[in-house]
Amino acid sequence: MRVLGVDPGLTRCGVGVVEGTAGRPLRMAGVGVVRTPAEAEIAERLVLIERGIEQWLDEYRPEYVAVERVFSQHNVRTVMGTAQASAVAMLCAARRGLPVALHTPSEVKAAVTGSGRADKAQVGSMVTRILRLDAPPKPADAADALALAICHIWRAPATGRLQQAVAAHRRATAPVRLPKGTR
């Protein structure tokens with residue numbers, strides 16, 4: 001499985017590609033940051049993020065895209081920018097027919113460190129260990145993108161089984177619809 005993790009942001013949008021399967025050693029295929037100038041208009045910045053993500057999709061050809069789920073923060077302006085960058089990543093993936101998974105920051109931290117309250121240094125340290133890197137990826141946005149990809153690889157098998165079980169339950173309990181005129 002090859003996953004592109006995206007840590008959305010208007011100024012720095014972390015991107016990282018991880019390959020592997022749950023229960024096996026994982027490998028980093030690439031990591032970086034798509035940057036935009038803070039003084040540019042938001043529309044221009046979103047176009048730059050789109051171009052950057054498209055380049056990563058072209059180069060690494062992931063099978064899945066994992067994006068950090070935007071959560072409520074006190075700073076509405078920050079939330080809006082993060083949500084807009086997140087939407088661009090999802091749009092780029094959807095345009096190519098790639099499945100998109102959203103993971104909350106606490107889900108990612110818990111998957112990678114064992115604690116949903118881990119700080120950025122702990123996440124960077126564990127990403128370094130899990131991927132057998134020489135040093136934590138810099139900036140933290142890049143490490144967070146790799147953590148998203150790791151989280152998705154590790155959670156995908158369980159999530160897939162859960163989705164299949166829910167679908168089977170819905171089929172089994174769905175009301176029977178009779179054709180018109182047969183009542």
Side-chain angles (χ1 to χ4, degrees), residues 1-36 49 52-53 56-57 60 62-90 92-93 98-163 166:
M1 175 183 304
R2 182 178 273 209
V3 179
L4 171 65
V6 179
D7 181 36
L10 275 180
T11 304
R12 289 183 319 272
C13 184
V15 286
V17 179
V18 176
E19 291 179 322
T21 57
R24 302 263 187 201
L26 303 179
R27 182 183 83 79
M28 180 187 76
V31 66
V33 176
V34 176
R35 296 179 188 273
T36 68
I49 291 168
I53 290 172
W56 278 81
L57 292 170
Y60 291 99
E63 301 164 82
Y64 300 89
V65 176
V67 181
E68 184 175 274
R69 182 184 298 274
V70 178
F71 64 99
S72 179
Q73 294 175 338
H74 299 294
N75 186 341
V76 175
R77 191 165 169 235
T78 301
V79 170
M80 289 302 295
T82 302
Q84 291 163 332
S86 177
V88 169
M90 290 187 280
C92 290
L98 296 172
V100 175
L102 299 174
H103 300 284
T104 66
S106 59
E107 287 173 339
V108 174
K109 291 173 184 179
V112 174
T113 71
S115 170
R117 296 177 179 235
D119 62 24
K120 293 238 182 235
Q122 290 170 307
V123 171
S125 175
M126 287 306 296
V127 164
T128 302
R129 291 175 77 189
I130 292 164
L131 297 176
R132 298 169 315 281
L133 304 174
D134 294 332
K138 298 286 183 194
D141 308 275
D144 289 348
L146 291 172
L148 276 151
I150 293 166
C151 174
H152 184 73
I153 290 169
W154 286 353
R155 292 178 60 119
T159 302
R161 286 191 300 274
L162 182 61
Q163 288 171 342
V166 168

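Residue indices begin at 1 and follow the sequence shown.
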So how far is it from [X] [atom1] to [Y] [atom2], rounded to the nearest 0.5 Å?
{"X": "Leu98", "Y": "Glu63", "atom1": "CG", "atom2": "CD", "value": "9.0 Å"}
{"X": "Thr113", "Y": "Asp119", "atom1": "OG1", "atom2": "CG", "value": "9.0 Å"}
{"X": "Leu4", "Y": "Tyr64", "atom1": "CG", "atom2": "OH", "value": "14.0 Å"}
{"X": "Arg69", "Y": "Ser86", "atom1": "CZ", "atom2": "OG", "value": "9.0 Å"}
{"X": "Arg35", "Y": "Cys13", "atom1": "CZ", "atom2": "SG", "value": "11.5 Å"}
{"X": "Trp154", "Y": "Thr21", "atom1": "CH2", "atom2": "OG1", "value": "11.5 Å"}

Less than 4.5 Å apart, side chain to side chain, heavy atoms only: is that true for [X] and [Y]?
{"X": "Arg12", "Y": "Pro139", "value": "yes"}
{"X": "Val3", "Y": "Val17", "value": "no"}
{"X": "His152", "Y": "Met1", "value": "yes"}
{"X": "Leu131", "Y": "Pro137", "value": "no"}

What heavy-atom pair brings [X] and [Y] nearest, and what distance separates the two atoms?
{"X": "Ile130", "Y": "Ile150", "result": "CG2-CD1, 4.0 Å"}
{"X": "Ala145", "Y": "Gly16", "result": "CB-N, 3.5 Å"}
{"X": "Val70", "Y": "Ala83", "result": "CG2-CA, 3.6 Å"}
{"X": "Gly9", "Y": "Ile49", "result": "O-CD1, 3.5 Å"}
{"X": "Val123", "Y": "Ala118", "result": "CG2-CB, 4.4 Å"}
{"X": "Cys151", "Y": "Val108", "result": "SG-CA, 4.0 Å"}

Donor-acceptor contact present, side-chain [X] to main-chain [Y], <3.5 Å:
{"X": "Thr36", "Y": "Leu10", "answer": "yes"}
{"X": "Glu19", "Y": "Arg2", "answer": "no"}
{"X": "Thr82", "Y": "Thr78", "answer": "yes"}

(request) With sequence neighbours left out, write down each residue that passes salt bridge (Lys or Arg N to Asp or Glu O under 4.0 Å) with Lys120, or none if nothing qualifies. (result) Asp144
(request) Decide side chain to side chain contact (heavy atoms under 4.5 Å, CB included) for Val127 and Val112; before the verdict, give the C-alpha distance in whole Å, the side-chain angles of both, and the deciding distance to 0.1 Å. (result) CA-CA 7 Å; Val127 164; Val112 174; 4.2 Å; yes
(request) Could you give me the CA-CA distance, side-chain angles and deciding distance for Val6 and Leu148, then say whether side chain to side chain contact (heavy atoms under 4.5 Å, CB included) is met? (result) CA-CA 7 Å; Val6 179; Leu148 276 151; 5.7 Å; no
(request) Step by step, work out the side chain to side chain contact (heavy atoms under 4.5 Å, CB included) result for Glu68 and Thr104. (result) CA-CA 6 Å; Glu68 184 175 274; Thr104 66; over 6 Å; no
(message) Pair Leu57, Val65 - check side chain to side chain contact (heavy atoms under 4.5 Å, CB included), show working.
(response) CA-CA 9 Å; Leu57 292 170; Val65 176; 4.1 Å; yes
(request) Assess whether atom CZ of Arg132 is packed by more than 12 heavy atoms of other residues, nucleotides or ligands within 6.0 Å. (result) yes
(request) May I ask you to decide whether Arg155 forms a salt bridge with Glu107, counting only side-chain N to carboxylate O separations under 4.0 Å? (result) yes
